[in-house]
Amino acid sequence: MAATVYAYEPDYAVSPGEILRERLEVWGMSQAEFARRCGRSSKLISQIIAGEAPVEPDTALQFEKVSGLAARIWLGVEADYQLHRRREAERQRLAESVKWADSFPVSELMKRGCLKKATCKEDTVANLLAFFGVASVEAWQNQQASLQVAYRHSPTFESDAAALSTWIRLGELEVEQVECADYNEARFKRALTEIRALTASPTAETLSQARSLCRDSGVALVVIKPLPKTTLSGIARRLTPRRALIQLSARHLSDDQLWFSFFHEAAHILERSKKDIFVHDKSERITEADAEADRWAGNFLVPLEDWERFTASPVFDRSSVIRFAEEQGIAPGIVVGRLQHEKLLPWNSRLNDLKIRLCWKEATA
């Protein structure tokens, strides 16, 4: 049986410059004198000793003549040193990539069937890069840097950055399967009016119709289940000048929150911004853009004059809420939600049963 041979691969390497420095000390020769004898500049010799410049073949031949050490040895030491440096850089890059991968909800993505099971950390990195459609961690970082600029309308997030970018990517992948007409603002406004009237119908059925109406006006509507460490309700963005996206999380699983979030994001689409991504996140600060979107959504669902008339009475009971919702042609849960948002009803109100509770199968169907 043949003996196993283990290759010796030390975890360090000596640079040719270090060897040269030691030789010069032994010889009692200055760098300037050695450079003069080699016919090279003092600057080059200084850079080689500092490890800032490599020993090239011509330089190795000159070193051989002055030092008596064969040129192939100088070049061999240089090659070993450079290989060691590249191995160390690769180890560092891999360690950073693994650390990068650890920040993502990998288990959740596997559970959803969006990420292949990996046998090692390196495979997890490769799978995540494929998921994001990039060639390297650096490419992902550059991509995210450009997205951060687009986030400027919502500067403060409670959502984890890695989880947020993952949730956004899930929406992008979902949208790839959606065929949309070119964006048409007038058609989108008509679609919003039709969707408002549909809110009084069962939500699962209405969502399907809402998706269709949005597609016909050039807006892809997708509902993506939120990930751990995400607190956002939705995002709005223009994918291209001809196509927009509204991505909802439905994280509260109630019809009032879902529809308000939808019309909030629709308001951002109507702002005609071509570059920004509007992220509706649970934040202590609300931007002017989000405040305006809130006002638009609230007034679109219930005209301000009608709302002021309804809230002039300090008593809100089941019959008055249902009657007002029927007058407006919207779901009563939306009325309850707005009353709670304006602190006219407590969050634990008995009228909460007027809200329609959703399940993820209905929301994402």
Side-chain angles (χ1 to χ4, degrees), residues 147-159 164 167-168 171 175 183-199 206-207 210-211 213-214 217-224 226 230-239 241 243-252 254-308 328 330-331 333-343:
L147 286 177
Q148 288 296 329
V149 172
Y151 291 162
R152 66 178 176 271
H153 282 273
S154 298
T156 303
F157 303 111
E158 290 190 5
S159 294
L164 174 62
W167 186 80
I168 289 175
V175 168
Y183 178 72
N184 183 292
E185 184 174 305
R187 194 181 300 139
F188 184 49
K189 288 180 177 178
R190 290 196 297 271
L192 293 177
T193 300
E194 292 184 55
I195 293 169
R196 177 188 181 277
L198 289 171
T199 61
T206 303
L207 264 177
R211 288 190 182 96
L213 288 166
C214 286
S217 59
V219 179
L221 170 61
V222 297
V223 180
I224 304 295
T230 56
T231 61
L232 76 175
S233 298
I235 65 170
R237 62 192 291 198
R238 286 291 186 88
L239 299 171
R243 196 181 200 193
L245 164 68
I246 292 178
Q247 182 175 336
L248 304 177
S249 70
R251 65 192 183 96
H252 296 286
S254 65
D255 64 336
D256 64 313
Q257 293 280 352
L258 176 75
W259 291 122
F260 187 83
S261 295
F262 169 74
F263 286 105
H264 173 102
E265 302 307 339
H268 286 312
I269 297 297
L270 293 174
E271 287 180 6
R272 302 182 182 180
S273 174
K274 300 296 191 298
K275 298 180 180 179
D276 301 320
I277 300 176
F278 297 88
V279 181
H280 192 194
D281 194 271
K282 178 185 176 183
S283 171
E284 292 183 358
R285 287 194 300 162
I286 183 169
T287 66
E288 180 54 37
D290 273 331
E292 180 58 34
D294 278 350
R295 286 190 290 270
W296 187 93
N299 294 335
F300 186 83
L301 285 165
V302 181
L304 182 59
E305 183 178 348
D306 293 345
W307 183 253
E308 289 178 343
Q328 295 296 319
I330 59 175
I334 294 176
V335 178
V336 174
R338 182 164 176 180
L339 287 170
Q340 291 172 327
H341 179 73
E342 296 189 7
K343 299 181 180 179

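Worth knowing before you read on, the calculation uses all heavy atoms, side chains too, and leaves out hydrogens, waters and symmetry mates. None of the values given here were measured: they were computed from a predicted structure.
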*Start with the C-alpha gap between D256 and V336, add the side-chain angles, then the distance that decides, and say whether side-chain contact (heavy atoms from CB on, under 4.5 Å) holds.*
CA-CA 8 Å; D256 64 313; V336 174; over 6 Å; no

_Any heavy-atom pair between the side chains of Y183 and R238 that's under 4.5 Å?_
yes

_Donor-acceptor pair, side chain of S249 and main chain of P226, under 3.5 angstrom_ = no

*Minimum heavy-atom separation for F188 to C214, with atom names?*
CE1-SG, 4.3 Å

*Heavy-atom distance under 4.5 Å between the side chains of L213 and R190, does that happen here?*
no

*Between I224 and G171, which heavy-atom pair has the shortest distance, and what is it?*
CG1-CA, 4.0 Å

*Please test V175 against Q247 for side-chain contact (heavy atoms from CB on, under 4.5 Å), starting from the C-alpha separation and ending with a verdict.*
CA-CA 9 Å; V175 168; Q247 182 175 336; over 6 Å; no

*Any side-chain heavy atom of N299 sitting closer than 4.5 Å to one from W307?*
no

_Are I330 and V302 packed together at the side-chain level, in the sense that at least one heavy-atom pair is separated by less than 4.5 angstrom?_
yes

_Using a 3.5 Å distance criterion without hydrogens, assess whether the side chain of R196 forms a donor-acceptor pair with backbone atoms of F300._
yes

*Of all residues at least two apart in sequence or in a different chain, which pass the salt bridge (charged side-chain N to carboxylate O under 4.0 Å, His left out) check with R338?*
E342

*Listed by chain and number, what are the salt bridge (charged side-chain N to carboxylate O under 4.0 Å, His left out) partners of D255, not counting sequence neighbours?*
none

*Going from CH2 on W296 to CG on L270, what distance comes out if it is rounded to the nearest 0.5 angstrom?*
5.5 Å

*Are H252 and L258 close enough that some pair of their side-chain heavy atoms sits under 4.5 Å apart?*
no

_Parallel, tilted or perpendicular: which one describes the rings of F263 and W259, with boundaries at 30° and 60°?_
tilted

*Report yes if some heavy atom in the side chain of I168 is under 4.5 Å from a heavy atom in the side chain of R237; otherwise report no.*
yes

*asked:* A side-chain contact here means heavy atoms from C-beta on lying under 4.5 Å apart; do L192 and S217 qualify?
replied: no

_Separation of F262 CZ from L248 CG (nearest 0.5 Å)_ = 7.5 Å

*Can we say E185 and K189 salt-bridge, meaning some charged N sits less than 4.0 Å from an Asp/Glu carboxylate O?*
yes

_So, taking the atom named CG in L198 and the one named OG1 in T193, what distance separates them when rounded to the nearest 0.5 Å?_
11.0 Å

*Flag side-chain contact, heavy atom, 4.5 Å: L301 against V335*: no

*To the nearest 0.5 Å, tell me how far L232 CG sits from R251 CZ.*
7.5 Å

*Kindly write out the residues that satisfy salt bridge (charged side-chain N to carboxylate O under 4.0 Å, His left out) with R295, not counting sequence neighbours, or none if the list is empty.*
E288, E292

_If I compare all heavy atoms of I269 with all of A244, which pair ends up nearest, and what's the gap?_
CD1-CB, 3.8 Å

*OG1 on T206 to CZ on R211, rounded to 0.5 Å*: 11.0 Å

